[in-house]
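All remarks here apply to the structure that follows.
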Amino acid sequence: MNYKLRDLLKEASQRPYALGHFNFSTLGILRAVVLACRGLKSPVFVGTSEGEAKYVGYGQAAAQISVWRAETGLPVYLNADHHKTFESAKTAIDAGYDSVQIDETALSLEENIEVSRKVVEYAKGVNPDISVEGGLGYIRGSSELHKEKIEVKPQDMTTPREAKRFVEETGVDRLAIVFGNIHGVSAAGNPRLDIERLKEIHETIPDVPLTLHGGSGISDEDIKAALPYGMSNIHVNTEIRAVYTDALRASLDKDKEQTTPYKYLNSADEAAQRIVEEKLKLFNAIDLV
Ligand code: G3H
Ligand code: ZN
């Protein structure tokens, strides 16, 4: 496997497709993602948030990814998703993660720059190939189903000027931006993406691969509209969690006597694989390897 993550992201940012980024916290969901990607010939990110990594184990996650790579030859990259402190980012880097997202978006711009720069310096000192994602803008919600409507306010959004300053002063490899996206799926409908804002950011920092968080619940039309403007990877978590949990509940209800986990988990894993396949097609991330 001779794919460099940096080159893959750069290429994706310059062409109208984006790599998928799918979160996992079970062996079955990770396998579902890998099988979907193998079938569709898609390089991919798999990610663990701090909570997911705590459950799986940082070393375990890194080991599982290297086994999948060896077995399939697929470019599968492990990202530490939304890591909120230098220490947790360092834990992921030391465990062998390929990529880390340092998320200090709750801090002031200056503090965000300071911690993000420190993570870039540390990561590159360990391995120059590690990709570091920084983030700017306030993303509302969380990776679950929300009953209420979630509105994105103008002050939540990333501005082109701050984006330029941020990437210049931190040296991050890619940038997560807010342009209407939220985490999770709202029963009242997710907000629309502000494609004009995305275009302005892309025109201001054309060489920086951009990341779209909160890929669940966004209309297909908006996703397709975003692909040509620097978009390099799109994160999806809630939709996988939802179909997985629904399928698992149905499976347990269907055969109440069943106590063998690999039997009652099968349909949930398959549901996860199907949604990942749908997203890969939507992101146009197929037939790339
Ligand atoms: O970092 C993870 C993602 O941004 C997932 O967002 O749960 O809305 O799909 P989502
Ligand atoms: Zn996210």
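All ligand and atom numbering here is 1-based and tracks the order in the structure.
- Ring pair His183/His82 is perpendicular by interplanar angle, where above 60° counts as perpendicular and below 30° as parallel.
- Side chains of Gln101 and Ser99: no donor on one and acceptor on the other come within 3.5 Å.
- Of all the listed residues (Gly214, Ser186, Gly215), Gly214 holds the heavy atom that lies closest to atom 4 (O) of ligand 1.
- Counting only heavy atoms of the protein, atom 3 (C) of ligand 1 lies nearest to His235 CB, 3.3 Å.
- The atoms of ligand 1 that sit less than 4.0 Å from any heavy atom of Thr238 are 7 (O), 8 (O), 9 (O), 10 (P).
- Every atom of ligand 1 is numbered from 1 in the order shown, and the set under 4.0 Å from a heavy atom of Ser143 is 5 (C), 6 (O), 7 (O), 10 (P).
- For the 3.5 Å distance criterion, the side chains of Glu277 and Gln273 qualify, holding a donor opposite an acceptor.
- With hydrogens left out, the protein atom closest to atom 8 (O) of ligand 1 is Gly184 N, 2.7 Å, a heavy atom.
- The side chain of His82, and not its backbone, has at least one atom closer than 4.0 Å to an atom of ligand 1 (non-hydrogen atoms only; side chain from C-beta on).
- Those atoms of ligand 1 with a heavy atom of Ser216 less than 4.0 angstrom away are 8 (O), 9 (O), 10 (P).
- Looking at His183 and the Zn ion (ligand 2) together, the shortest N, O or S contact belongs to NE2.
- Glu114 CD: 12 or fewer foreign heavy atoms inside a 6.0 Å radius.
- Panel note: side chain Asn284, backbone Pro16; a donor-acceptor pair is recorded below 3.5 Å.
- No donor-acceptor pair under 3.5 Å is formed between the side chain of His235 and the backbone N or O of Asn23.
- In this structure a side-chain-to-backbone donor-acceptor pair under 3.5 Å is missing from Asp129 to Asp98.
- The Zn ion (ligand 2) has no N, O or S atom of His235 closer than 2.8 Å.
- By the criterion of a heavy-atom distance under 4.0 Å, the side chain of Asn23, and not its backbone, is placed next to ligand 1.
- The atom of His213 that is an N, O or S and sits closest to the Zn ion (ligand 2) is ND1.
- Nearest-heavy-atom check against atom 5 (C) of ligand 1 across Asn237, Val185, Asp103, Asn190 picks out Asn237.
- Proximity of Asp81 to ligand 1, defined as any heavy-atom pair under 4.0 Å, is confined to the side chain (atoms from C-beta onward).
- When atom types are taken as modelled, the side chain of Asp194 and the backbone of Gly180 share no donor-acceptor pair closer than 3.5 angstrom.
- Cluster annotation: Leu193 is not connected to Tyr138 through the hydrophobic network of ILVMFWY side chains, with a link wherever side-chain heavy atoms come within less than 4.5 Å.
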